[in-house]
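Quick notes on the structure that follows.
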Amino acid sequence: MNTLHKELTRTVLYLDGISVSFDGFKALNDLSFVVEPGEMRAIIGPNGAGKTTMMDVITGKTRPDVGSALFAGQHDLTKLDEADIAQLGIGRKFQRPTVFESHTVRDNIVLSLAGKRSVFDTLFARAREEEADRIDRVLDTIRLADRAGMMAADLSHGQKQWLEIGMLLAQDPSLLLVDEPVAGMTDAETVQTATLLKEIARDHSVVVVEHDMSFVQDLGVMVTVLHEGSVLAEGSLDHVSADERVIDVYLGR
Amino acid sequence: MARPLLLILQRIALVLVLATALIGGSAKAQSGPSVPDLVSRLAGADFNETERVVEALAASGDASVARLLEALGDGDLYYRRSDNAVFIATRGGEGYLLTDPLTGASAGEAGRREVAKVRVNNSLRRAVRAAIGTLTLRSPDPAIRIAAAQSVLKSGDPEAVEPLTEAIAAEQNDSVRAVMERARAAAILNSDASDAVKIDAVKTIAAKSSQDTRAILLAASNGASEALGSAISDAVRRVEGDLALWSAAQNVWYGLSLGSVLLLAAIGLAITFGVMGVINMAHGEMVMIGAYVTYVVQEIIRNHAPFLFDVSLLIALPLAFAIAGAVGMAIERGIIRFLYGRPLETLLATWGLSLILQQVVRSLFGPTNQEVGAPSWMSGAFELGGLTLTYGRVWIIVFALVVFAVLVLVLRHTSFGLQMRAVTQNRRMASSMGIRTNWTDALTFGLGSGIAGVAGVALSQIDNVSPNLGQSYIIDSFLVVVFGGVGNLWGTLVGALSLGVLNKFLEPYAGAVLGKILVLVFIILFIQKRPRGLFALKGRAVES
Amino acid sequence: MISGRFLRLTGTSGLILLACLLAAAIYVPVANQFIDPGSPFHVNTASVVVFGKYLCFAMLALSIDLVWGYCGILSLGHGAFFALGGYAMGMHLMREIGPRGVYGNPILPDFMVFLNWESLPWFWYGFDMFWFAMVMVVLVPGLLAFVFGFLAFRSRVTGVYLSIITQAMAFALMLAFFRNEMGFGGNNGLTDFKDVLGFDLQADSTRIGLYLLSIAALAVMFLICRAIVLSRLGKVLIAVRDAESRTRFIGYRVEHYKLFVFTVSAMMAGVAGALYVPQVGIINPGEFAPANSIEAVIWVAVGGRGTLVGAVIGGIGVNLAKSYFTGALPEIWLFALGGLFVVVTLFMPKGILGLISHWRRRQPPPEPAAETGAPSSTAAEERA
């Protein structure tokens, strides 16, 4: 019991026996999955494997039918809502870039900064010096410092993806969930994004869902293969791509 | 509406007159001495002679002598000394006003000395009363016989037991006899018959549960013996239980009736809003267009081909579908297609459109209510157990269900239905498989609007046909669709019917307006509890 | 001179608006009192009342813009908040009549005497006091909005669903207020007011006073809205409008923000209604009609939503047009209004102000953020 507890508290994310079904369709089927502190993990899997549903469960958007989901070994994610979970320190990037289009790039970051989130705090909030520093650092990291005053709507697709990642960084989460960060990016942007994510992974735990195998190769991290709502294989990319079942799933039987 | 109604009434009256003439004719053929002869014998007659005349009059079965007998019982029957003619006389002016005892026609005046009363005593009065009862109970007209029996049922006059027993023995008509038997039982309860007979009578009365039954039984329980009293209270309890059931059933009926109206109004919306996700605030105006099509069709028929009036609604149905559908398609192509993906703008634009459509109709037909008549097969009512059902409502329920069923079949079993579902589920995929998505959008919207038009034909029968007709349905229809679960036709069906029933069950306690308010509040709270409605589609949904 | 901070608060267009209001505040009373009635520059008292009415509509539009333009909540029930504020004011004015009513009852308003009521219903207590009525003007709409919003936003009723249930709310309230048993005068509503705080409501001076008060209230409301919109909270509101789930996933309790702005906005609508009633002299259940609420929305759309100044322009401009048309070409008005709904949504989604800034910059304004993907299925894509 004690050792198990220690085991748990050492993990950032701990999913055990999670199942979710929609109208009889099992999106997740007894999924178990652990992320260690400081780890970057890539998740791959064919369409409908349950990648997005898994993210929904972790961020409180979807409630699992059964199973437990713990954050930092102590917070039961199945009982909290999105705002709670975000404030605990889990950031999520959507598949399609979603930023606040009618705000400037800078304001997008300002809104995401870790800090008080209540109605009256924001009503009377004032811009502070240390905030400005943090914002500049984030803007540097995501390579948008020279576009800080631009409307987010006017950014290119790839820049929006980075802005969204920047917003996650500003939130200063201990775990980042990143859903298909390079979808629709040019090759150059893809490489830059890989570098960016590796930078971020130095002091955050990151889970990346991606289809793009060369991008996963670039990341060079442990890979989990999902299929029909549960884990099919886990290991390095070379290891899993040698796995018979993974080949079956991807190439068809 | 007035003209056809009058026509129908005339027709009905004609049939009645013919029927009574036939029956009356055959009855008269059997009678003995003529009624006027009998009447003239009353002048100056002694009590015995008068009684004989009364009996003979009663046996004649001629309903026209009832007035005379009543006057005799009341002491208003006089004869003129000069010519022994018999009159009903009432005091007035210098002397008496005379009326003919058989026809009721005025027969001038007479001085106080010129006329003398046909004298009556108590035993004669009893005979007169019995004669009146017998007379009407033996009337050749079954309606009069039933009315006579029912008046006994109400009064419970114990004197009526005898004549009723005789009338029952002679009665050929089952339904009339049933009423007579109940009347006789009611009379027995007030007579000095033995408990055993009375308990039998209680059973006869309690066989039919109505408010009257309950009142008769309760009246009879006064001063009843123990055995009879317990029999009565048992019967009353059973009757009250039945009554509660019937009143609940009547409420369900009213509720289903209201629900079918809601269903009709909402069913087109279930397509445009539920399936396509387009919020069309001008939906009510499609209903209104359907109602006005009915009006125009009826106007043309009235002026050019009155014999077609009974099928006017059947003619209006396809026209309403076509016209409302065409307007709908025009709206989709002209406005809504530019606003896909912007539901709030769609809402505002279609609201504006609804104002324009209302004003167009107002300019064309004027702001007042138009008269839309009911064909003969939709008027009238019938009884089913303790329920009163009007044909109009029955047809509307049937019609709503038929429209619903047709729609479900179209969506499920036609290629158009398949394409429509394909487009709404995955537009790009459908388009790449060769479906003309634009065309499908227009047709789908046209279908929803056409159905609204068809609903308008039905609703023209129960609502005022005015430019505001549609507005009164729009909020209800949206609530029904959302309550039932967007994108789910069956949800709309269940939602409409259950809201209708809920409304009608609240009405007796809260009144009509408050009942409606309570339903609105209920739906608002319900939607907040289950934003996706009763039958939510999990996972994918029209999200805003 | 005007300090930089104040200019930042008002914005350039806001400053122009305030200047116009100030000008109207000076010119109209002067033109009414001191310019010869024969002169074309004279403003008669009836017009003063009409202008005062439009100012109240502008306040209503402002309150709608705050929730719709900035937070994306299309409320079709703001007319109800307006009417509730109006009724609270009307109840005070009824009590002010005192024994001067037709029946001369010192406590009961005429309609209650007419209905043979023995005593004042409990919810009429306190309305004889002006301050109490003023608290209720804000509190009643605010409380209703709070409870309604609490339930709706907690269960994430959004978009057209929210619009529909706010409309149902207004409709239910209208039905309720039509009932005599409710104790608000039923069909006829509240009317025959005599005076307020001792000032005769028919007097020119009172009318001008109410007009000036409406201008002041509009200006203050505008500044409050600007302050809210410019604060970080305002930024969160816009964030909610643009990408609600993004806002939630960076840790904001979206429902709290919506609730706040919805409640504040309902209170503003209540104040607008309270100023409206003494000027028009009547409040009846017709004010709750869903059509009124949705018409107020179009004022905002015409002026340009999400601009505040546009809401004021729309509220006054559309009503000026309405007065003109209903007087000159009554048949045409509904066509014009209906056409306005269609044209604005199809061709000028940013309203008049959007057109102006478009012309000035000579470059296309950024596309408005798509609020949903209606016929296509966003949810399905997200899950896949």
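Just the heavy atoms: all of them, side chains too, but no hydrogens, waters or symmetry mates, feed the values below. Numbered from 1 within each chain, the chains take letters A, B, ... in sequence-line order.
When all heavy atoms of B/Glu345 and C/Arg305 are compared, the closest pair comes out as OE2-NH2, 2.5 Å. When all heavy atoms of B/Ala349 and C/Thr345 are compared, the pair lying nearest together is CB-OG1, 3.3 Å. Nearest heavy-atom pair across C/Tyr161 and B/Val486 is OH-CG2, 3.2 Å. Among all heavy-atom pairs drawn from C/Ser163 and B/Leu344, the shortest one is OG-CD2, 3.8 Å. When all heavy atoms of C/Val160 and B/Pro343 are compared, the pair lying nearest together is CG1-CB, 3.5 Å. Between B/Ile475 and C/Pro290 the shortest heavy-atom distance is CD1-CG, 3.7 Å.
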Might you work through the side chain to side chain contact (heavy atoms under 4.5 Å, CB included) test for C/Phe148 and B/Ile524, ending with a clear yes or no?
CA-CA 9 Å; C/Phe148 189 90; B/Ile524 290 172; 3.6 Å; yes
Walk me through whether B/Thr350 and C/Phe341 qualify under side chain to side chain contact (heavy atoms under 4.5 Å, CB included).
CA-CA 8 Å; B/Thr350 51; C/Phe341 275 89; over 6 Å; no
Could you please spell out the steps behind the side chain to side chain contact (heavy atoms under 4.5 Å, CB included) verdict for B/Trp351 and C/Val297?
CA-CA 11 Å; B/Trp351 177 271; C/Val297 169; over 6 Å; no
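Ranked by heavy-atom pairs under 4.5 Å with chain C, the first of B/Leu348, B/Leu357, B/Leu347 is B/Leu348. Here C/Leu175 is the residue among C/Leu162, C/Leu175, C/Val343 with the most heavy-atom pairs under 4.5 Å with chain B. Annotation: maximal heavy-atom pairing with chain C below 4.5 Å, among B/Ile523, B/Leu520, B/Ile527, occurs at B/Leu520. Counting heavy-atom pairs closer than 4.5 Å to chain C, the top residue among B/Leu514, B/Leu525, B/Leu339 is B/Leu514. For the set C/Met169, C/Glu295, C/Arg179, C/Gln167, the entry with the most heavy-atom pairs within less than 4.5 Å of chain B is C/Arg179. Contacts with chain B were tallied for C/Leu346, C/Leu334, C/Ile294; C/Ile294 has the most, counting heavy-atom pairs under 4.5 Å.
In this structure B/Thr492 satisfies the side chain to side chain donor-acceptor pair (under 3.5 Å) test with no other residue, sequence neighbours excluded. Checked against side chain to side chain donor-acceptor pair (under 3.5 Å), C/Tyr257 has the following partners two or more places apart in sequence or in another chain: A/Thr122.
Heavy-atom distances place no part of B/Val519 under 4.5 Å from chain C, backbone and side chain included. Of the atoms belonging to C/Leu76, it is side-chain heavy atoms, and not backbone ones, that fall under 4.5 Å from chain B. Contact of B/Ile279 with chain C is made through the side chain alone, with heavy-atom distances under 4.5 Å. Residue contact with chain C, scored on non-hydrogen atoms closer than 4.5 Å, involves the backbone and the side chain of B/Ile335 alike. The contact between C/Ala291 and chain B is made by backbone and side chain atoms together, counting heavy-atom distances below 4.5 Å.
Shown here is C/Tyr324, whose OH atom has no more than 12 heavy atoms of other residues, nucleotides or ligands within 6.0 Å. Other residues, nucleotides and ligands place no more than 12 heavy atoms under 6.0 Å from the CZ atom of C/Phe150. The neighbour count for C/Phe146 CZ, taken as heavy atoms of other residues, nucleotides or ligands under 6.0 Å away, does not exceed 12.
A distance of 10.0 Å separates CD1 of C/Ile164 from OG of B/Ser477, quoted to the nearest 0.5 Å.
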